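The model shown is predicted, which means the values in this text are computed figures rather than measured ones. Computation of the quantities below employed the complete heavy-atom set of this structure, encompassing side-chain atoms and omitting hydrogens, waters and symmetry-equivalent molecules.
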Amino acid sequence: MILVFGGTTEGRKAAEVLEEAGKTYYYSTKTGEQDITLHHGQRIDGALDSEAMLAFCQEHDIRLIVDAAHPFAKQLHQTIIDVAAEAQIPIVRYDRIYPPRDPDITWIDDYSQIPIDIHTLLATTGVQNISKLKPLESKGIKIYYRILPRESSISLAKAQGATDDQLCFYEDGNTIDVDADAILLKESGISGGFAEKVAAARAKGMRIFALKRPKLHNGNGSFCVVCNGPHGLRRAVEKLLPEFYALHSGLTTGTCATAAAIAAALRLIKGETPDEVPVILPNGETITVPVTYGDGYASVFKEAGDDPDVTNGIEIRASVEPSNHFEILGGEGVGHFTLPGFDFPPGEPAINKAPREMIRRNLERFDTLQQTLSPSLRITISVQHGAEIARRTFNPRLGIEGGISIIGVSGIVKPFSEEAFIDSIRKCMTVAKASGSERVVINSGGKSERFVKALYPDIPQQAFVEYGNYIGETLKIAHELSISKVTLGVMLGKAVKLAQGHLDTHSRKATMDKTFISRLLKESDCDLDISGITLAREIWERLPQGRLKSFADIIISHCAEHCNPLLPNGELTILLIDDEGNIYE
């Protein structure tokens, strides 16, 4: 069982990550005032001291603690550390992402360091810290306290001596509606709106004082993993409590290439060869990736998790050398674009925009690389046996030749492969449009495509796209790309699901509904008992020859009812295909 300490933005994100498992966990807040919806999480409210927390962990067999509490909740963090050490429970600390400290801001370690050469101060450091600021009032400084508009907060503020004219509230985001000489902020990170508050204060010409976040430690040898985003949290839970998720996540080829490039650059510039390197993902969070080293390169062995990916376990290498300008090249095993429709023109290595940006961004963050070597590095990405592996991917159809492509929008592969598959569909549809074909033909797989090709002998191969089970997503992509004519080839097993409105025909989302199929048969004046069938395609064998067309027409009309709205500006042709290759339209 997992126990989450939340009440924050990070707590909400942690709950979203754990909800994906569909298993019970506990979510703890001090006041119970956070508005959050939990489907599988059980909420517990009220402060827990060491004794109560330890008792709860023992009673409920807590095996992992996720500390997503506010960064300034120092006492709670320490209590969690102490209890975890005593109970031998690992901790995942869900930290925030913090921008570099701005030198134009006055940074302080505690409230006693606030300069007293001001007349008015807007304090945004929380209702519980009002008493720490009261001594400044005795020195003639007028203080306004910005707090949450809750009855409990107002009562606590007044109990510490705040008056009505000193209180202002968070009613309009980060807008500052108080005239003051200066503002006091907490270093609350990106999710705490720190940058927005700084910008609003500067717009008002205010001096800015910022209270540094407290330094946290793991304490007493307790095992603590730190993450600062949802992907890192999930991967930490998968590692520390593997059974919580039925399927585990993996890394994209783009993340692997980035990690290899970081490791190669560190060895070149600093002479360092760490066993793992930090990688900033496109969403801004940081994860760590294991790396190895060879003669003139660093490498990462791709971890696909439980996603059925043929690239699982491949070795992705990066070599780094000085250059006249920053460039990323494709070496052995990395394919090249031969058709338009990608992020880069034909002839370029098949390394998409997101991985290139990841590599650049990660190299530029190192102080030793900034403004000197990072814009003047040549990074070469290569993949062992990449050409052989590529033959088992979509690459040949996409016009990527000579190896695999380095891809990945999020940097993480979700274990259900849905995201990766839809991303592949999008790439195929983009290439199909770029082929110049007026019509794009979408099919569930190679069998149906083989039958439909005979109807469109002049359409180029790139204009045939497999949708798998994702009919709805594929049609939406066609609309987004303004594809004017689409032909949808579908076989009966998927067609009866689609006719019922299931735009994703995967068996985990939809099953054959015999009652619905019987209704379709009646609509087509077919008197057929299907109670004994196992597969929808058996209907073709049982229907009289003279009723096949009418049944097919009814199926197609119901499918069109659900599909046409997804392609409002295009022309959709639906083809129903039987096992012998006969096509009804």
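The existence of a salt bridge linking K353 and E357 is excluded, since no basic side-chain nitrogen approaches an acidic carboxylate oxygen closer than 4.0 Å. Salt bridge E348/R356: present, at least one basic N to carboxylate O contact under 4.0 Å. Under a 4.0 Å N-O distance rule, the pair R96/E285 does not qualify as a salt bridge. Under a 4.0 Å N-O distance rule, the pair K158/D164 qualifies as a salt bridge. Between K212 and D110, none of the side-chain N atoms (NZ, or NE/NH1/NH2) sits under 4.0 Å from a carboxylate O, so this pair counts as no salt bridge. Note on D95 versus R213: no salt bridge recorded, every NZ/NE/NH1/NH2 to OD/OE distance being 4.0 Å or above. Ion pair E327/R360 not flagged as a salt bridge, since none of the NZ, NE, NH1 or NH2 atoms sits closer than 4.0 Å to an Asp/Glu carboxylate oxygen. Using a 4.0 Å cut-off between charged nitrogen and carboxylate oxygen, R101 and E187 count as a salt-bridge pair. Ion pairing between a basic and an acidic side chain is recognised when a charged N comes within 4.0 Å of a carboxylate O; E10 and K13 show no such pairing. Using a 4.0 Å cut-off between charged nitrogen and carboxylate oxygen, K142 and D165 count as a salt-bridge pair. Between R426 and E480 a salt bridge is recorded (basic side-chain N to carboxylate O distance below 4.0 Å).
Taking both residues in full, the closest heavy atoms of I406 and G254 are given as CG2-CA, 3.7 Å, listed atom of the first, atom of the second, then distance. Nearest heavy-atom pair, V127 versus Q160, reported as atom, atom and distance to 0.1 Å: O-NE2, 2.6 Å.
No donor-acceptor contact under 3.5 angstrom links the side chains of T24 and Q42, judged on distance only. Under the 3.5 Å distance criterion, with hydrogens and angles disregarded, a donor-acceptor pair is assigned to the side chains of T29 and D45. A donor-acceptor pair shorter than 3.5 Å can be found between the side chains of Y25 and E19. Between the side chains of T258 and T255, no donor N or O sits under 3.5 Å from an acceptor N or O.
Atom CD of E321 is surrounded by more than 12 heavy atoms from other residues, nucleotides or ligands within 6.0 Å.
Between L377 and L268, some side-chain heavy-atom pair lies under the 4.5 Å cut-off. Q34 has its side chain within reach of R43: a pair of non-hydrogen atoms, C-beta onward, lies under 4.5 Å apart.
The structure places NZ of K23 at 10.0 Å from OH of Y245, a figure rounded to the nearest 0.5 Å.
Sequence neighbours left out, the pairs with a member in residues 114-129 that pass salt bridge (Lys or Arg N to Asp or Glu O under 4.0 Å) are D117-R207.
Partners of F56 under the ring-ring contact (aromatic ring centres under 6.0 Å, His included) rule, at least two apart in sequence or in another chain, are Y26, H60.
The main-chain N or O of A68 is found under 3.5 Å from a side-chain atom of T8 such that the two form a donor-acceptor pair.
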